[in-house]
Amino acid sequence: MGKKVVTTIKVISVITIFTAALFLLQMLLMPKFQHGIVEGSMIEEYYKDESTHEIIFIGDCELYENISPVTLYENFGYTSYIRGSAQQLPWQSYYLLEDTLRYETPKVVVFNVLSLKYDKPQSETYNRMSIDGMKWSSSKIDCINASMTEDESFIEYVFPILRYHDRWSELENDDFNYLFNKDLVTHNGYYMRCDVKPQTGFPSPTPLTDYTLGSNAMYYLDRMTEICKENGINLILIKAPTEFPYWYPEWDAQIVKYAENHNLTYVNYIPLQDEIGLDMSVDTYDAGLHLNNSGAEKFTMYLGNTLFSDLGLTDYRDNETISSVWQDKIVFYNEMKEQQLSELEN
Amino acid sequence: MGLLFTSYEFIAFLLIVFAAYYLLPRKCQWPLLLLASYVFYCMADVIELIKVSKVTGFSWELFLSFLPRFRYFIYILFTTISTFIFARFIEKTENKKVEYLKANKESLSKDEKKAYKEKNKKNKFILILICLLINLGVLAFTKYTNFTIHNINTFLDESKAIKPLDILIPLGISFYTFQSLGYLIDVYRGKQKACDNFFKFALFVSFFPQLIQGPISRYSDLSETLFAEHKFEMRTVSYGLMRILWGYFKKMVIADRIIVAVNCLINNPETYGGLYVFVAMLFYAFELYCDFTGGIDITIGIAEVLDIKVTENFNLPYFSKNIKEYWNRWHITMGSWFTDYIFYPVSVCGPMLKLSKWSRKHLGQTIGKRVSVYLSCFIVWFTTGLWHGASWNFIVWGLMNFVVIMISQELEPLYRKFHGRFNVKTKAWYGVFEILRTILLMSMIRMFDCYRDVPLTFKMVFSMFTSFNFNIFADGSLLALGIDGKDYIVLAIGFLIVLLNSIYKAKGNNIREKLYKNPSGFTAVLCILFIIIIVFGAYGIGYDSNQFIYNQF
Amino acid sequence: MKRILTLTVTSVMLFSLITACSSGSNNNTAITAATTGNNEVSETSVDSSDPSAVDTSISEYGYTLNGIKIKPNDNFSDIVDSLGEPDTYFESESCAFQGLDKVYTYGSVTIKTYPKDDIDYVLSIEFKDDITKTDEGIKIGSSSDEITSVYGEPSASNDSSITYTDGNANLNFILTDGKVSYITYTRVE
């Protein structure tokens with residue numbers, strides 16, 4: 001072998017080892033979101049789910065805590081997935097939808113409208129939870145650019161170690177245990193909470209000087225409408241049945257009008273609490289902001305019986321391959337539910 | 001504005017420059033650096049413009065509204081052009097004299113020759129005077145106008161107060177002005193041939209690694225390698241990279257971490273008195289050392305990667321045994337600039353010689369011979385202080401140095417007597433004592449450039465010597481300064497590494513050379529240093545928000 | 001003799017120094033306040049006309065409650081204890097445990113906060129009834145003319161609101177039939 005070849009091999013091996021070391025370190029230092037704050041795991045879990053879904057929910061906590069895809073399957077046979085994350089902003093929802101369409105084309109997309117009240121990037125922490133889990137694509141790049149707050153740098157998304165480097169002092173067992181493989185923490189995107197904290201009341205809403213929903217937020221709603229139209233997807237807008245954060249009637253009127261103009265279905269479920277059967281003294285785990293498991297199951301049943309009943313969705317319970325996949329999900333769902341309930345009893 | 005060394009943009013910029021430097025034909029190397037230097041000079045504003053236009057959309061109006069920000073270009077161009085032209089004029093005048101005298105060697109009488117020389121000298125002097133005045137005028141105008149106005153206002157009624165002017169202080173103006181004027185004076189003195197290529201000269205003035213914080217290079221030193229053609233050499237580049245990483249280590253792992261505590265202490269003097277002041281003093285000494293020498297390491301390292309030699313600016317300053325020595329080893333290029341271009345001319349100028357003569361005659365030898373030295377020193381330290389910043393803090397800081405240096409000079413005989421009687425000079429512990437004494441003294445003087453104003457500094461130093469709240473070292477108060485236990489561990493290890501490295505160097509070793517004997521070891525150290533900086537550096541969102549918290553207290 | 005002279009010379013100089021400074025330094029805090037250490041190291045260009053160089057967190061519009069002036073974006077964790085017991089208190093957890101949004105009421109004044117880095121900052125200050133006046137004397141029921149005579153030209157206005165913006169705080173008057181029906185101090189996002 002010539003000297004040149006030896007040098008080349010040396011250089012390549014040094015670079016490889018160095019890059020590998022950095023990469024490992026990066027994996028170690030990134031938060032794992034397996035216990036406590038599990039919301040950070042939601043976005044990436046989607047890619048592990050190999051089956052396709054006829055319904056995709058896109059939105060924030062008002063979806064991933066309020067709707068249970070397993071319940072929807074068990075009772076109606078509809079397959080669904082929630083692509084949601086904490087304080088998921090309209091542009092993040094749009095780009096997640098774009099991202100989802102790379103893998104499948106659902107029949108129905110359901111978007112929760114609460115986040116339209118945000119017109120600008122909000123919080124770095126939520127950005128990271130919503131974006132870090134996305135697989136790299138042009139959608140992710142656009143999503144980062146649309147989401148970054150002033151102090152953020154694009155490169156910190158490309159090399160998350162630049163963001164999380166100072167976690168070296170906070171490393172815990174989870175960081176080593178889940179270095180290569182993470183457990184599922186959601187049920188097709190649903191975050192299960194079985195505890196109860198009754199709703200007692202909310203402070204009165206602050207009157208605003210301007211109720212117009214932001215142009216940037218509405219721009220991304222427009223794009224969602226467009227992309228659904230292009231792909232022949234039925235886009236449905238909903239406002240989850242929880243009253244707080246406050247959803248102003250002025251905002252609602254704008255969405256009603258938008259839905260009319262674009263020929264979309266929009267349902268505001270806040271006035272329908274009684275019809276759904278929600279009892280906010282038992283069906284919420286955080287005093288009325290989000291539903292707990294019993295509330296989510298009630299709401300899901302209601303959706304299955306009303307909103308989804310005549311959309312021509314398939315009942316997959318008779319399909320052997322698909323039902324075996326879902327059987328596992330049901331087992332996992334019931335196990336977690338039982339575990340949470342037994343923990344609550346003690 | 002220029003870019004911060006620690007910004008992602010700067011690193012990206014650096015990588016592009018390095019790659020282009022060795023990929024382009026060698027003829028293009030120095031023109032590339034000139035281009036890079038000017039890009040560097042305005043890059044932060046361009047980035048800002050891009051960021052804003054991303055939010056609001058780019059428009060012609062937006063661009064126009066950004067234009068005034070680039071005013072600083074005019075300043076650096078002005079200095080470059082004026083010193084370039086005047087240096088040429090001065091040299092031409094000198095050449096004319098030589099030619100004239102040569103041509104008329106026979107025909108001129110001795111007196112005529114002398115008269116011609118006088119006249120020629122005067123012309124040269126007028127030329128340099130004009131150039132010095134206009135450049136120092138610009139420096140004084142941009143840097144000191146508002147300081148002067150503030151001081152005048154203290155004597156005026158509020159109703160008559162003069163409004164401070166809206167002046168932009170061009171980035172690095174103190175450094176590039178001094179560097180250019182040093183060159184001009186060297187040409188005047190005949191020590192330096194005037195540069196005949198404007199663009200080369202422009203690069204000398206604006207060379208980007210040293211634009212913001214020095215060193216203040218001499219033309220004769222820098223031009224040797226700056227304009228040469230350089231071949232890619234593994235060894236030079238590796239050495240340079242090592243030096244850059246070492247600089248980043250000191251700056252990002254240590255300085256940027258401890259600065260949080262320093263800021264917390266000095267911005268809240270009401271809360272942090274007594275021994276906190278002592279802590280602040282030591283922390284600041286450590287912070288400043290790591291920040292400044294780290295920055296210079298990055299500068300010299302970048303130049304080294306480009307195979308350009310920049311003068312050293314530090315020589316283990318904290319190992320000095322007295323202040324005089326300290327000033328020969330700290331910010332060396334600035335010190336020598338003041339010695340060569342201020343102390344020396346001031347000491348030998350006409351009025352000073354007259355004063356010296358007069359005082360010897362009237363005040364006696366002992367005092368007489370001191371008067372002129374004292375005055376020259378006073379001027380040097382006053383200007384040094386003023387140069388550092390337009391505030392009384394810096395002026396007092398400069399003069400404190402002057403006072404301490406003069407006192408220690410006066411006490412010299414006493415010391416010698418002491419050393420003669422007790423044979424301590426050779427003892428190692430005495431050396432350590434001298435080093436610690438110098439560090440403490442310098443750090444104390446430096447308090448003037450951290451507290452808000454001069455009276456407050458006096459108050460805080462007084463409080464350090466009078467209120468002994470020793471409990472702060474035991475009750476965890478030091479953990480509440482914005483840095484916590486893990487930070488202290490990193491700082492302690494960092495301190496140890498810096499100290500060991502310095503001791504090793506002080507013993508005359510060259511670490512890079514030793515390491516390079518084993519190339520794989522060298523590579524491993526490079527990689528490890530890189531990883532250490534990435535993981536333990538105090539940068540990014542987490543640290544911004546820490547500082548954010550501290551601004552609120 | 002020599003030593004005495006040296007001492008005198010130095011002490012005279014020291015004295016002159018100190019007097020020189022104390023006469024000058026009373027008013028120059030503005031120039032030196034920004035000194036946080038690194039001035040000896042490097043120069044950064046400072047442009048006093050550059051709005052980003054101005055501390056935007058200073059806003060003039062604020063409400064004085066129990067002797068403490070409160071402005072949007074103020075650190076509320078610091079002042080909450082000095083305000084005394086609130087009449088009512090409400091908290092709601094934000095998603096993924098990122099802190100609590102809190103609502104305090106003191107009489108007819110409501111203060112809402114948002115969390116950031118373990119500290120609560122003032123999101124808004126709101127008046128519910130006409131017992132409370134702004135520091136400048138406007139209350140619910142005042143007319144828009146009264147507002148403009150006190151606050152001058154508004155930063156923004158329409159039929160149903162008048163807004164004054166200063167720094168990163170808004171002072172908003174919500175109007176119903178030309179009269180103030182609600183007053184809020186909010187942060188500029």
Side-chain angles (χ1 to χ4, degrees), chain A residues 31 33 35-42 60-65 84-88 114-115 117-130 149-150 191 193 197 199-212 214 242-246 250 284-290, chain C residues 52 56 72 86-105 108 110-118 123-129 140 154-165 170-176 180-189:
Chain A
F33 298 118
H35 298 103
I37 307 172
V38 296
E39 284 89 333
S41 294
M42 292 176 168
D60 50 14
C61 52
E62 293 210 337
L63 291 179
Y64 71 70
E65 296 186 38
S85 55
Q87 207 194 68
Q88 186 170 298
L114 179 67
S115 66
K117 69 179 190 167
Y118 297 112
D119 197 42
K120 282 182 194 157
Q122 297 288 319
S123 141
E124 194 262 348
T125 319
Y126 289 130
N127 279 350
R128 299 301 308 210
M129 287 194 218
S130 302
T149 56
E150 251 176 55
Y191 171 45
R193 287 289 294 257
K197 186 180 172 193
Q199 175 176 324
T200 48
F202 299 114
S204 56
T206 309
L208 304 181
T209 53
D210 187 0
Y211 291 94
T212 318
T242 42
E243 294 164 63
F244 192 87
Y246 202 70
E250 289 86 347
T284 166
Y285 76 89
D286 54 4
L289 274 68
H290 306 105
Chain C
S52 66
T56 49
D87 299 328
T88 65
Y89 169 72
F90 171 85
E91 62 179 33
S92 61
E93 206 165 290
S94 48
C95 294
F97 306 103
Q98 296 303 309
L100 296 167
D101 295 318
K102 298 174 182 173
V103 182
Y104 300 81
T105 56
S108 59
T110 303
I111 297 176
K112 297 183 177 171
T113 69
Y114 66 96
K116 184 168 178 175
D117 302 321
D118 300 331
L123 178 72
S124 71
I125 308 160
E126 304 169 15
F127 298 170
K128 271 197 261 186
D129 56 39
I140 288 174
S155 313
S157 69
N158 55 34
D159 289 347
S160 62
S161 71
I162 296 180
T163 297
Y164 292 89
T165 306
N170 287 327
L171 168 55
N172 314 297
F173 299 98
I174 313 287
L175 306 174
T176 312
V180 175
S181 58
Y182 211 94
I183 302 175
T184 60
Y185 296 84
T186 54
R187 69 180 184 132
V188 178
E189 277 185 55

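Just so it is clear, the structure is predicted and the values come from calculations on it, not from any experiment. Numbers restart at 1 for each chain; the letters A, B, ... are given by sequence-line order, proteins then strands.
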Could you tell me which portion of A/T206 (side chain, backbone, both or neither) has an atom closer than 4.5 angstrom to a non-hydrogen atom of chain C? both

Contact origin within A/F244 toward chain C - heavy atom pairs under 4.5 Å: side chain

Heavy-atom closest pair, residues [X] and [Y]:
{"X": "C/N158", "Y": "A/T209", "answer": "ND2-O, 3.8 Å"}
{"X": "A/P205", "Y": "C/Y182", "answer": "O-OH, 4.3 Å"}
{"X": "A/P207", "Y": "C/T184", "answer": "O-CG2, 4.4 Å"}

By a 4.5 Å heavy-atom criterion (distance strictly below it), what part of C/N170 contacts chain A: side chain, backbone, both, or neither? neither

Any residue meeting salt bridge (charged side-chain N to carboxylate O under 4.0 Å, His left out) with C/K112, in chain and number order, not counting sequence neighbours: C/E126

Partners passing salt bridge (charged side-chain N to carboxylate O under 4.0 Å, His left out) against C/R187 (at least two apart in sequence or in another chain): none

